[in-house]
Amino acid sequence: MTDAITVRAAAKVNLHLGVGAPREDGFHPLDTAYQAIGIYDDLVVRTADTWHVGVQPADHVAADALPVLGDNIVDRAARALADFHGVPLRGDVRIAKDIPVAGGMAGGSADAAAALVALDRLWGVDTADEDLLRIAAALGSDVPFALVGGSAHGTGRGEHVHRAVDTGSWWWVVVPSRTGLSTPEVYRHFDALFPDAPAVPPPADVVLAALATGDPHELAAALHNDLQIAAVDLRPELGTLVERGESAGALRGLLSGSGPTVVFLADSADAARAVAGALGEAHDVVLVATGAVAGAHVVRHL
Ligand code: C5P
């Protein structure tokens with residue numbers, strides 16, 4: 001019996017986020033290209049007689065923005081897995097948080113995916129992949145991708161995920177905001193700005209083709225996020241940030257998911273460091289990350 005397991009889960013960016021008109025269930029149909037990038041939350045789970053979740057945020061993660069403990073997505077993930085197998089909810093979970101909270105990088109989804117992988121091992125329940133993906137989809141639209149990682153095409157409300165061909169090694173500069181943005185609020189603003197949005201979202205084909213070429217200039221030209229206009233309308237400074245990064249040498253700047261994190265694609269490691277240095281003059285936190293990286297995976301058994 002294993003008594004401690006560390007699982008690592010990555011942040012995501014949407015290289016293409018095509019959004020359609022809301023469905024009857026209130027969710028928006030998406031056609032998206034995801035990429036997992038090298039900013040991580042680590043979950044350490046230990047055997048315990050009761051259930052407990054604790055969070056240790058990195059300096060750049062606003063502690064006051066952390067979701068309420070006791071009913072956050074990690075609790076819900078654990079309960080869903082325990083119910084599925086009919087086992088008691090037990091374990092001590094520590095989350096070392098590096099992924100910005102409410103940032104549009106699916107940090108909560110990453111934690112949920114990591115919890116599913118870690119507790120599956122800790123409890124020895126050996127969940128089949130398709131069951132884990134089904135439980136993940138019920139927890140949130142981005143949770144299946146957080147399990148799969150790499151670069152992938154997402155459809156439905158984002159929960160149907162298929163691996164994409166990706167021959168590149170991509171350099172990103174990531175600028176989180178001190179104050180998060182609410183995902184539902186950004187979607188609501190999108191609906192207000194685009195009452196005639198199509199039922200079928202704009203497809204991710206061009207970005208998927210660019211990923212297959214491995215050429216950062218091709219990918220930069222193809223990056224697209226339908227939520228960007230809505231987020232920039234709510235937070236005009238995000239538009240200024242995109243322009244500043246592009247003037248500093250980034251190939252393109254883009255809102256990550258529903259924001260407010262802005263990511264910049266650079267054409268090399270040196271270029272990424274130069275852009276990060278320039279943006280660091282005005283922003284407290286500027287991160288450099290590569291993609292694509294793996295989905296939620298075990299990094300240590302004790
Ligand atoms: O699926 P998830 O819980 O991550 O979604 C959070 C919120 O984001 C939803 O309640 C909804 O308001 C919005 N959303 C949406 N369409 C999607 C994904 C999310 O409207 N495809």
Side-chain angles (χ1 to χ4, degrees), residues 9-36 41 65-68 70-81 95 97 99-116 132-149 152-162 180-204 207 224-231 233-235 255-261 295-296:
K12 62 88 183 156
V13 295
N14 299 84
L15 310 173
H16 172 94
L17 185 55
V19 180
R23 313 186 304 199
E24 284 194 351
D25 64 2
F27 282 93
H28 293 71
L30 303 183
D31 198 320
T32 188
Y34 291 110
Q35 184 166 99
D41 284 358
L66 287 171
V68 182
D71 186 34
N72 73 13
I73 196 167
V74 170
D75 295 289
R76 288 191 282 118
R79 222 173 290 130
L81 189 69
I95 308 172
K97 221 172 179 3
I99 305 175
V101 174
M105 304 198 84
S109 303
D111 297 346
L116 292 177
L132 213 56
L133 285 167
R134 203 150 19 85
I135 295 169
L139 292 166
S141 308
D142 295 330
V143 184
F145 173 69
L147 286 173
V148 171
H153 184 202
T155 54
R157 59 179 226 279
E159 85 280 29
H160 298 304
V161 175
H162 296 280
L181 257 180
S182 144
T183 300
E185 185 188 349
V186 176
Y187 274 105
R188 272 197 303 274
H189 199 53
F190 171 86
D191 294 339
L193 290 176
F194 303 104
D196 299 325
V200 177
V207 154
H224 175 79
N225 184 344
D226 273 342
L227 294 181
Q228 185 157 326
I229 289 175
D233 203 48
L234 292 168
R235 293 267 182 91
L255 185 80
S256 178
S258 57
T261 305

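We use all heavy atoms of the structure for the numbers below, so side chains are in, but hydrogens, waters and symmetry mates are not. Counting convention: from 1, in listed order, for ligands and their atoms alike.
For F194, the ring-ring contact (aromatic ring centres under 6.0 Å, His included) test picks out F190, with sequence neighbours left out.
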May I have every N or O pair linking ligand 1 to the protein at under 3.5 Å, one per line with atom names and distance?
unit_1	atom_1	unit_2	atom_2	d
ligand 1	1 (O)	S141	N	2.8
ligand 1	1 (O)	S141	OG	2.5
ligand 1	16 (N)	H28	N	2.9
ligand 1	20 (O)	H28	ND1	2.7
ligand 1	21 (N)	H28	O	2.8
ligand 1	21 (N)	R157	O	3.0

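Side-chain atoms of T261 and S256 include no donor-acceptor pair closer than 3.5 Å. For the residue pair H153/D31, the side-chain donor-acceptor check at 3.5 Å is satisfied.
Tested against N14 for a side-chain hydrogen bond (donor to acceptor under 3.5 Å, both in side chains), the candidates T32, D226, D142, N225 yield a single pass: T32.
When all heavy atoms of D191 and P22 are compared, the closest pair comes out as OD1-CD, 3.6 Å. Closest approach of L30 to P201, counting heavy atoms only: C-CG, 3.6 Å.
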